[in-house]
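Here the structure comes first, spelled out in structure tokens, and everything after it is commentary.
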Amino acid sequence: MTGSLFDRTSNELPLDKKPEQFNADSIDVLRDVLEYHNHRYYVLDDPVISDSEYDAFYRRLEALESENPELITPTSPTQRVGGRALDQFESVEHRFPMLSLQNSTTPDELRDFDKRLRKEVGVETIDYVVEHKIDGLAVSITYESGKLVLGATRGDGTQGENITSNVKTIRSVPLEIPFDGTIIVQGEAFIGTGDFLIFNRAQEEKGEKTYANPRNTAAGSLRQLDSRITATRPLDCFMHSIRNYEELSIAHHHDALKHLDTLGFKVTPFRGLASGIDEVIIICEEQHGQRDKLDYGIDGLVVKVDEFRLQEIAGFVARAPRFAIAYKYPPTEGTTVVLDIQASVGRTGTLTPVATFEPLLLDGSTVTHASLYNMDEIERKDIRVGDKVIIAKGGDVIPKVIKVLNAESDEHKKRPEFKMPEKCPICGSDVVKDDDAVDYKCVSTNCRAVLQRRIEHYVSKACMRIEGMGPKIVERFLDEGLIKDIPDLYILNFDEIATMPGFGEKSAENLKSEIEGSKSQPLWRMIHGISIPGIGAEVAKLLVNKLGSYSAITSADQESLADINGIGPVLAENIFSFFRDDERAPILEGLKSAGLAAFDEVHDVVTAIEGASGPFAGKTVVLTGALSQFSRDEMKEKLESAGAKVTGSVSKNTDYVIVGENPGSKFDKAQKLGVAILREEDAIGMINL
Ligand code: IVH
């Protein structure tokens with residue numbers, strides 16, 4: 001007896017047996033008992049024993065397995081705690097592509113969808129299933145002979161990453177199911193709102209990093225190479241599809257969901273059955289009001305044709321099925337008061353106005369600050385201290401002021417308008433505004449804020465990738481006089497650092513090897529890292545590919561720089577004068593004497609700026625909205641290495657606009673100009689991350 005195919009609804013399991021009554025011969029039954037209780041707790045939310053009783057069974061299993069290691073199985077409950085760390089995830093091909101969904105935001109769009117579909121499938125009234133669209137991460141899980149054998153991420157939809165050990169740590173995902181054939185299920189892994197708060201609180205109490213939102217934490221946790229870390233995260237998973245339903249002779253999606261229930265899966269709890277689109281619309285409207293009451297994040301609903309036969313007739317467009325559509329809710333909004341507006345100084349000296357608000361709880365996190373971007377934005381929206389404002393934020397989105405309330409009132413008009421300071425709030429130097437630019441800048445090259453941001457940028461992931469050197473450490477090293485500028489990183493005294501409070505030998509040693517390691521970073525990363533105004537990763541790579549070496553870049557005249565396609569006169573001047581600025585010379589000299597590989601004469605051509613193949617080769621791309629899987633810089637870098645040119649504004653020359661959550665005016669403009677729009681996840685899929 002394998003002990004795996006028990007029927008969870010019957011009483012076949014010896015549930016009254018005590019832990020010590022199990023032995024090596026009945027180890028499989030003990031496992032089933034544990035998984036039965038696991039299912040009651042994590043899936044049904046209806047435990048029948050206490051945590052300590054469960055622990056006693058679990059310890060018994062651990063003991064039996066340690067006495068008889070040959071009896072350990074890959075789907076034993078003990079395997080949920082994670083195992084060996086991987087170097088990288090293996091790539092796996094999906095037997096069924098993992099698709100995206102078409103989007104709608106209004107009832108009319110839903111009606112159009114239904115109208116097209118009815119025409120397509122030749123049916124008067126279509127029955128739909130409406131489910132919550134869980135705001136998490138798509139996973140595909142394969143079971144063979146009742147055992148979980150593969151868990152994979154979506155990847156590019158065709159190929160994903162093998163994250164089996166991580167999926168096994170999710171307590172609500174059964175490791176074994178009472179079904180002897182092959183079944184491929186798809187679901188959404190997530191962290192519940194309450195679990196997220198508890199997890200973050202515990203992190204805070206331990207003095208460890210806290211996380212911004214459940215979705216990104218879930219995504220980061222599932223893509224951990226060390227599954228023991230994944231096992232410590234409160235991941236959960238709702239299943240919403242059986243992909244090989246044909247092999248199981250199931251004819252309707254709602255039956256597939258029921259089947260998933262009986263197999264012991266945790267299934268999307270809300271499944272509205274609607275006959276015709278009008279009923280769908282009613283459900284969508286009703287559910288909107290329920291959103292705040294749920295213990296998991298949703299970003300809308302998914303409307304699916306119920307009958308598989310009709311789904312098959314409807315077929316697919318590009319990467320999305322024609323038989324399903326997402327109905328997305330608008331971002332969550334709230335009202336608060338602007339308490340203050342302060343200018344914050346960035347790494348190139350640009351002053352950014354940042355508003356402080358009366359704390360406002362939105363979508364599970366408290367909003368206290370938001371960037372107001374620049375003076376144009378403040379003037380356009382007429383934001384003043386004391387104003388009541390509407391703030392929007394959806395999921396993990398950066399909060400944004402949408403509008404000022406009562407902007408016509410006398411009260412508002414009496415409030416003073418915000419003015420950029422004439423002197424830098426950090427160093428007191430003059431602040432100037434370029435005539436043709438919207439930016440205000442601190443003129444000093446010695447401004448402490450600018451210096452700190454420059455160093456932070458140099459060590460960042462986008463540039464020299466010195467891990468363990470976050471903003472707090474940069475600030476501290478500057479405060480304590482350990483560094484005065486970037487080159488000092490390479491002459492740090494690590495023996496001294498090891499004795500500093502909060503450090504130790506191990507962390508000093510790690511930092512040392514990170515800094516040493518950064519010496520071999522390619523030239524483009526260093527060029528990007530030294531903060532030449534206007535020069536991002538893309539131009540840095542162009543320079544390296546066109547000119548070949550640091551000495552060629554620094555000795556190029558302004559005209560030949562401007563001749564490089566993608567650079568132009570303004571950037572050429574910035575580059576030219578940067579390398580001739582007396583104040584920069586010691587920094588560049590310092591880096592040279594540190595022995596950075598960037599100063600070598602020969603460099604590899606940087607991947608694929610020009611002549612790259614793939615969907616983004618030679619394409620001009622604009623990003624808008626908040627991204628959920630990578631930071632802006634990371635995404636930009638990834639697109640650039642896939643051959644894209646990432647620019648800041650949308651024009652008719654733009655090939656794609658990639659939209660995250662809460663896209664801004666660039667999205668509207670793209671729609672007006674008919675520029676192709678890609679969702680973040682599609683773009684990620686296309687670059688095959
Ligand atoms: S069905 C054709 N049902 O949304 C794709 N997807 O934007 C079939 N998602 O990648 C998906 N909740 O990971 C479906 N109840 C639900 C869902 C759901 C969340 C995700 C899914 C997919 C993404 C598409």
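Whatever order the structure lists them in is the order used to number ligands and atoms, beginning at 1. All of these numbers come straight from a predicted model, not from anything done at the bench.
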N/O to N/O under 3.5 Å, ligand 1 against protein:
from, atom 1, to, atom 2, distance (Å)
ligand 1, 3 (N), His240, ND1, 3.4
ligand 1, 3 (N), Lys304, NZ, 2.9
ligand 1, 4 (O), Lys133, NZ, 3.3
ligand 1, 6 (N), His240, NE2, 3.4
ligand 1, 7 (O), Lys133, NZ, 3.4
ligand 1, 12 (N), Ile134, N, 3.0
ligand 1, 13 (O), Glu188, OE1, 2.3
ligand 1, 15 (N), Glu131, OE1, 2.8
ligand 1, 15 (N), His132, O, 3.0

* Asked: Should the pair Glu109-Lys328 be classified as a salt bridge under the 4.0 Å nitrogen-to-oxygen rule?
  -> no
* Asked: Is the gap between the ring centers of Phe190 and Phe238 under 6.0 Å?
  -> yes
* Residues in salt bridge (charged side-chain N to carboxylate O under 4.0 Å, His left out) contact with Lys461, at least two apart in sequence or another chain -> Glu634
* Asked: Distance only, no hydrogens: is a donor on one side chain within 3.5 Å (strictly under) of an acceptor on the other, for Tyr245 and His259?
  -> no
* **Phe113 and Tyr128 aromatic ring geometry - parallel, tilted or perpendicular at 30°/60° bounds** => tilted
* So how far is it from Ile281 CD1 to Ser104 OG, rounded to the nearest 0.5 Å? -> 9.0 Å
